[in-house]
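By convention in this document, chain letters (A, B, ...) are assigned in the order of the sequence lines, proteins followed by strands, and residues within each chain are numbered from 1.
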2 protein chains.
Amino acid sequence: MVTKKQGKNVLTDEYRYKILKELQQDPEISQRELARRLGVSLGKTNFCLNALIEKGLVKADNFKKNPNKTRYLYLLTPKGIEEKITLTQHFLQRKLKEHEELAKEIERLREEIKP
Amino acid sequence: MVTKKQGKNVLTDEYRYKILKELQQDPEISQRELARRLGVSLGKTNFCLNALIEKGLVKADNFKKNPNKTRYLYLLTPKGIEEKITLTQHFLQRKLKEHEELAKEIERLREEIKP
DNA sequence: ATATCATCGTTCACCAATTGAACGGTGTAG
DNA sequence: CTACACCGTTCAATTGGTGAACGATGATAT
């Protein structure tokens with residue numbers, strides 16, 4: 001559960017959003033599986049996830065019996081749920097803009113090919 | 001005019017396309033200006049450009065008087081022109097796909113926000 | 001002619017980001 | 001008990017990207 005070491009530009013809005021989303025729909029997910037879904041390394045995933053925990057957006061509960069080690073349930077905290085909603089809205093706005101830009105780019109490319 | 005050092009994943013299709021496009025429409029461009037237009041560093045631009053030269057897609061002619069140093073005209077070779085056409089088509093295909101994917105992603109985000 | 005200045009391409013030490021093999025802990029099956 | 005599978009964590013090593021610094025050149029002023 002250690003953090004430190006590694007810049008702060010690692011946990012972008014995009015990863016924050018994606019991780020919160022994945023955890024919300026499957027809190028039993030492992031870090032390896034999460035890494036696979038995000039398309040990044042285990043190390044980076046571990047770092048980002050712990051950053052979210054540190055920020056209080058995610059709580060890592062132990063499960064499987066009562067003991068207190070290995071294997072977590074990654075649950076969004078109320079603050080995490082709120083943050084995820086905000087991020088989703090921002091993300092949508094960004095994607096809309098990108099979509100528009102892409103349309104322009106495509107028009108440009110078609111123009112370029114035509115003559 | 002040296003290359004080496006620096007991975008091969010640096011010169012992506014995207015940069016190949018963009019560089020060829022910029023050079024085609026302005027062969028007198030400097031590496032600094034090219035870097036600015038691509039939104040990357042001078043170092044990376046220099047590397048990519050030399051890679052294109054090495055591949056025979058671009059020829060760096062000297063200009064300004066007859067001497068043979070500093071300041072080049074970056075001209076696309078016939079092979080470079082051909083390559084640029086191909087890249088443009090691929091690029092267009094890719095952008096169309098991305099555009100579609102984005103539309104889906106946006107739909108997903110809207111769905112996510114609505115309820 | 002000489003000095004100054006702007007700009008060029010090139011280089012490379014430095015930093016940030018990313019990776020995945022390795023490790024020790026834990027649940028499970030035989 | 002042993003063996004195995006999977007977990008989260010760590011961190012040495014690699015890679016990617018940067019921009020200040022350098023020497024060379026053309027233009028301009030003195």
Grab the [atom1]-[atom2] distance between [X] and [N] for me, whole Å please.
X: A/N62; N: D/dC7; atom1: CG; atom2: C1'; answer: 12 Å
X: B/F47; N: C/dG9; atom1: CZ; atom2: C1'; answer: 16 Å
X: B/L34; N: C/dC8; atom1: CG; atom2: P; answer: 12 Å
X: B/R36; N: C/dT7; atom1: CZ; atom2: P; answer: 14 Å
X: A/E28; N: D/dC7; atom1: CD; atom2: C1'; answer: 13 Å
X: A/L42; N: C/dC23; atom1: CG; atom2: P; answer: 16 Å
X: B/Y72; N: C/dT7; atom1: OH; atom2: C1'; answer: 14 Å

Quiz item: Which residues pass the salt bridge (Lys or Arg N to Asp or Glu O under 4.0 Å) test with B/R32, sequence neighbours left out?
Solution: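 Here no residue qualifies.
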Practice problem: Please list, chain by chain and in numerical order, all residues satisfying salt bridge (Lys or Arg N to Asp or Glu O under 4.0 Å) with A/R37, sequence neighbours excluded. | Solution: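 A/R37: salt bridge (Lys or Arg N to Asp or Glu O under 4.0 Å) contacts with A/E22, A/D26, A/E33.
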Quiz prompt | The single option from A/L75, A/L20, A/T77 passing side chain to side chain contact (heavy atoms under 4.5 Å, CB included) against A/V58 | solution =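 Only match with A/V58 under side chain to side chain contact (heavy atoms under 4.5 Å, CB included): A/L20.
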Quiz item: Side chains of B/T45 and B/Q31: is there a donor and an acceptor less than 3.5 Å apart?
Solution: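 Not at all, the side chains of B/T45 and B/Q31 share no donor-acceptor pair under 3.5 Å.
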Look at [X] and [N] and indicate whether a side-chain polar atom (N or O) is within less than 4.0 Å of OP1 or OP2.
X: B/S41; N: D/dG19; value: no
X: B/Q31; N: C/dC8; value: no
X: A/N46; N: D/dG8; value: no

How would you list, by chain and number, every residue that makes a side chain to side chain donor-acceptor pair (under 3.5 Å) with [X], sequence neighbours excluded?
X: B/K18; answer: B/E14
X: A/D61; answer: A/K59
X: A/D13; answer: A/R16
X: B/Y15; answer: none

Quiz item: Which of these nucleotides, C/dC8, D/dG17, D/dA20, is closest to any side-chain atom of B/R32?
Solution: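 Among C/dC8, D/dG17, D/dA20, the one nearest the side chain of B/R32 is C/dC8.
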Check: residues 89-103 of chain A side-chain donor-acceptor pairs under 3.5 Å, at least two apart:
unit_1	atom_1	unit_2	atom_2	d
A/H99	NE2	B/H99	O	3.4
A/H99	NE2	B/H99	NE2	3.4

Quiz prompt | Atom pair CD/CG of A/E107 and A/L109 - distance to nearest 0.5 Å | solution =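 Result: 9.5 Å between the selected atoms.
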Exercise. Would you mind building the protein contact string for nucleotides 12-17 of chain C? One character per nucleotide, 5' to 3', B for base within reach (heavy atoms under 4.0 Å), S for sugar-phosphate only, - for untouched.
Key: -----S
Exercise. Hey, which sits more toward the 5' end of DNA chain C by its nearest nucleotide, A/V40 or B/Y74?
Key: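 That would be B/Y74.
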Quiz item: Does the base of C/dG27 carry an N or O that pairs as donor and acceptor with the side chain of A/R71 under 3.5 Å?
Solution: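 Flag unset: no donor-acceptor pair detected.
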Exercise. Rounding to 10 degrees, work out the angle separating the end axes of the helix from C/dA1-D/dT30 to C/dG30-D/dC1 (five pairs an end).
Key: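 The value is 10°.
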Report, one pair per line, the protein and nucleotides 3-6 of chain C atoms (nitrogen or oxygen only) whose separation is under 3.5 Å.
none

Exercise. Name all residues meeting the side chain to side chain contact (heavy atoms under 4.5 Å, CB included) criterion together with A/E82; count only those two or more places apart in sequence or in a different chain, and write none if there are none.
Key: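 With neighbours one apart ignored, the set is empty.
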Quiz item: Which other residues end up in the same hydrophobic cluster as A/L42, if Ile, Leu, Val, Met, Phe, Trp and Tyr are linked when side-chain heavy atoms come under 4.5 Å apart?
Solution: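 Via sub-4.5 Å side-chain contacts, A/L42 links to none.
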